Asker: 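Here you go, one structure.
It should be emphasised that the depicted structure is a prediction, and the values quoted were computed from it without experimental measurement.
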Amino acid sequence: MSRWRLRALIVLIYVVIGIYVAWVHDYITPGLLRDLAEALLSVFLWFLVLLGIDLHISG
């Protein structure tokens with residue numbers, strides 16, 4: 001395995017463990033994930049927002 005792949009794998013494992021720990025300790029919640037999804041949708045589908053389409057995820 002090349003060096004950059006090994007480093008990328010280590011970084012990926014580090015991030016996954018960090019997400020798990022944040023989830024367990026309630027730093028990441030379903031509400032936060034919903035808000036993040038809404039924000040990403042509005043960034044990537046901004047033209048729909050300008051047309052008046054509501055991208056809010058009801059929950």
Asker: Quick one: list whatever passes side chain to side chain contact (heavy atoms under 4.5 Å, CB included) with Ile17, sequence neighbours left out.
Answerer: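 Ile17 satisfies side chain to side chain contact (heavy atoms under 4.5 Å, CB included) with Ile13, Val21 only.
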Asker: Could you identify which residues cluster with Leu32, counting Ile, Leu, Val, Met, Phe, Trp and Tyr as linked when any side-chain heavy atoms lie under 4.5 Å apart, either directly or through a chain of such contacts?
Answerer: Val11, Val15, Ile19, Trp23, Ile28, Leu33
Asker: Who passes side chain to side chain contact (heavy atoms under 4.5 Å, CB included) against Tyr20, sequence neighbours left out?
Answerer: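 Residues passing side chain to side chain contact (heavy atoms under 4.5 Å, CB included) with Tyr20: Val24.
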Asker: Which atom pairs, one a donor and one an acceptor, fall under 3.5 Å between side chains of residues 39-57 and the rest of the protein, sequence neighbours left out?
Answerer:
| unit_1 | atom_1 | unit_2 | atom_2 | d |
| --- | --- | --- | --- | --- |
| Ser42 | OG | Glu38 | O | 3.4 |
| Ser42 | OG | Ala39 | O | 2.8 |
| Asp54 | OD1 | His56 | N | 3.1 |
| His56 | ND1 | Glu38 | OE1 | 3.4 |

